[in-house]
Amino acid sequence: MTQQTKYDLAVYIGRFQPPCKHHIQAIHHGLKIAERLLIFVGSANSPRTIKNPFTAEERIDMIRSVLSFEEEKRVCFVKKQDSLYDDNQWVAGVEYNVNQVLYEHKGPVDLVNVCLVGCSSDHTSWYLDKFPTWKKEFLPSTHKGPDEQTDAHATDVRNAFLCGSDWVFDEVVAHYCYAAVTSWLMKFRKNNPDYGRLVEEYDLVRKYKESWANAPYPPTFVTVDAVVVQSANVLLVRRGASPGKGLLALPGGFVEQKERIANAVVRELKEETRIDVPPAVLFNGIKKSEVFDHPDRSLRGRTIT
C-alpha cells in the first residue's frame with residue numbers, strides 16, 4: 001500500500017454483460033484507491049444466451065479495451081463460475097482467489113487491507129453482503145439512461161443490442177457504453193454468427209412473456225428433465241429451437257395439466273430421444289429425484305424443474 005492508495009487490493013465482482021460506463025467508472029475508482037484490482041467476471045460457465053450473450057473472455061477483452069497499458073498491469077481477472085445452489089461454496093471460492101492474488105503480490109495475507117468496489121444502485125448485487133470483513137467503496141449511480149431519469153443498467157444495453165434495430169443500438173448502446181466497448185459490440189453484431197440466434201431467442205422470449213403479461217399473477221411453470229446414466233455416459237439432446245437452439249441439454253419439457261411428474265419425465269424422455277426401453281422399465285429405473293428452483297434458472301419465467 002502506497003501513500004496514494006488506501007488499500008492493498010480492491011475487488012470488483014460482476015457479470016459485465018456488457019461492461020457499461022458505470023462498470024468502468026467503478027474499475028477506475030478501484031485503481032485509484034488500491035494498489036491492485038481483482039475483477040471477478042461472473043457466470044463464466046454459462047452458455048451464450050440473451051442474459052449472458054458474451055463469454056468471459058469476450059467481456060475481459062471489452063474491459064481491457066478501455067484500460068491504459070499502466071492500468072492493465074495492475075488488474076487481475078478471474079473467470080468465476082456460478083454456484084446457484086451453494087452460496088457458501090461460491091464465497092469460499094472468491095476468498096480463495098483473493099488470498100492467492102494477495103499472497104503472490106504481498107506475501108502473508110493476514111496484514112492486508114481489502115475493499116469491495118461497485119455501484120450502489122445495483123439491486124442484483126446480493127453477494128456484496130457475503131464479505132463482512134472487507135471494506136466497501138461503492139460509487140453512487142451518476143450515469144442516467146437516454147431519458148435522463150432512470151439509472152443505467154446493463155439489461156437496457158442487452159435489450160438494445162438484441163432487438164435488431166440499428167437506431168435503438170445507436171441511441172442506447174452508445175449512451176451507456178464507452179466508444180471502445182461500443183465498437184466491440186458493433187463488430188460482434190456484424191461478424192459473429194451467434195448474433196442471429198440471439199436475436200431470434202430475444203424475440204421469442206419477449207413474445208412468450210407478452211402472452212401472459214395480463215394474467216392476474218405471473219405464472220410458475222413446472223418442467224421435468226431426465227438424467228439417464230449408462231456405463232458412466234449421460235444421455236443428452238441438442239436443442240432444435242430457441243431458447244438455447246443448438247446447445248446440448250438434458251431431455252425434458254413441460255408437465256401437462258393432467259399428468260404426474262414421473263409420467264411426464266418418462267413421456268418427455270421417450271419423445272425427445274426415442275430411447276428403446278419400455279416405459280415400465282424406465283419407471284422402475286428412476287433412482288433419485290431432485291428439485292431445481294432457482295428463480296433465475298430459466299429465461300422464459302419462473303420455472304421449477
Item to complete: Take Y217 and W212 through the ring-ring contact (aromatic ring centres under 6.0 Å, His included) test and state the conclusion after the steps.
Response: CA-CA 9 Å; Y217 301 100; W212 47 261; over 10 Å; no

Worksheet entry | CD (E210) with more than 12 external heavy atoms under 6.0 Å | yes

Worksheet item: Is the NZ atom of K136 crowded by more than 12 outside heavy atoms at less than 6.0 Å?
Response: yes

Worksheet item: Would you call D293-R302 a salt bridge at under 4.0 Å N-O?
Response: no

Worksheet item: Could R36 and D8 be called an ion pair, given the rule that one side-chain N must be under 4.0 Å from one carboxylate O?
Response: no

Worksheet item: Would you call E201-R197 a salt bridge at under 4.0 Å N-O?
Response: yes

Discussion item. Any carboxylate oxygen within less than 4.0 angstrom of a Lys/Arg side-chain nitrogen, looking at K73 and E71?
Written reply: no

Practice prompt. First locate atom CD1 of I39, then atom CD1 of I63, and finally report the distance between them rounded to the nearest 0.5 Å.
Written response: 5.0 Å

Discussion item. Go through it in stages, so that I can follow the logic: the residues are E70 and R74, the test is salt bridge (charged side-chain N to carboxylate O under 4.0 Å, His left out), and I'd like the CA-CA distance, side-chain angles, deciding distance and then a yes or no.
Written reply: CA-CA 7 Å; E70 291 300 321; R74 296 167 53 211; over 6 Å; no

Item to complete: Tell me yes or no: between the side chains of Y208 and R300, is some donor less than 3.5 Å from an acceptor?
Response: no

Fill in: Approximate separation, where rounding is to 0.5 Å, of S242 OG and L198 CG
8.5 Å

Worksheet item: Do L67 and I27 have side chains that get closer than 4.5 Å, going by heavy atoms?
Response: yes

Fill in: Short N-O contact, D61 and R64, less than 4.0 angstrom
no

Discussion item. Could you check whether E58 pairs with R48 (Lys NZ or Arg NE/NH1/NH2 to Asp/Glu carboxylate O, under 4.0 Å)?
Written reply: yes

Worksheet item: From E95 CD over to T133 OG1, what is the distance, rounded to the nearest 0.5 angstrom?
Response: 6.5 Å

Worksheet, complete the sentence: When rounded to the nearest 0.5 Å, the distance separating OG1 of T49 from CG of L247 is 8.5 Å

Worksheet item: Does the salt bridge (charged side-chain N to carboxylate O under 4.0 Å, His left out) test come out yes or no for E256 and K258, once each step is laid out?
Response: CA-CA 6 Å; E256 295 180 352; K258 300 290 185 178; over 6 Å; no

Discussion item. What I want to check is whether the side chains of T305 and T223 have a donor and an acceptor closer together than 3.5 Å.
Written reply: yes

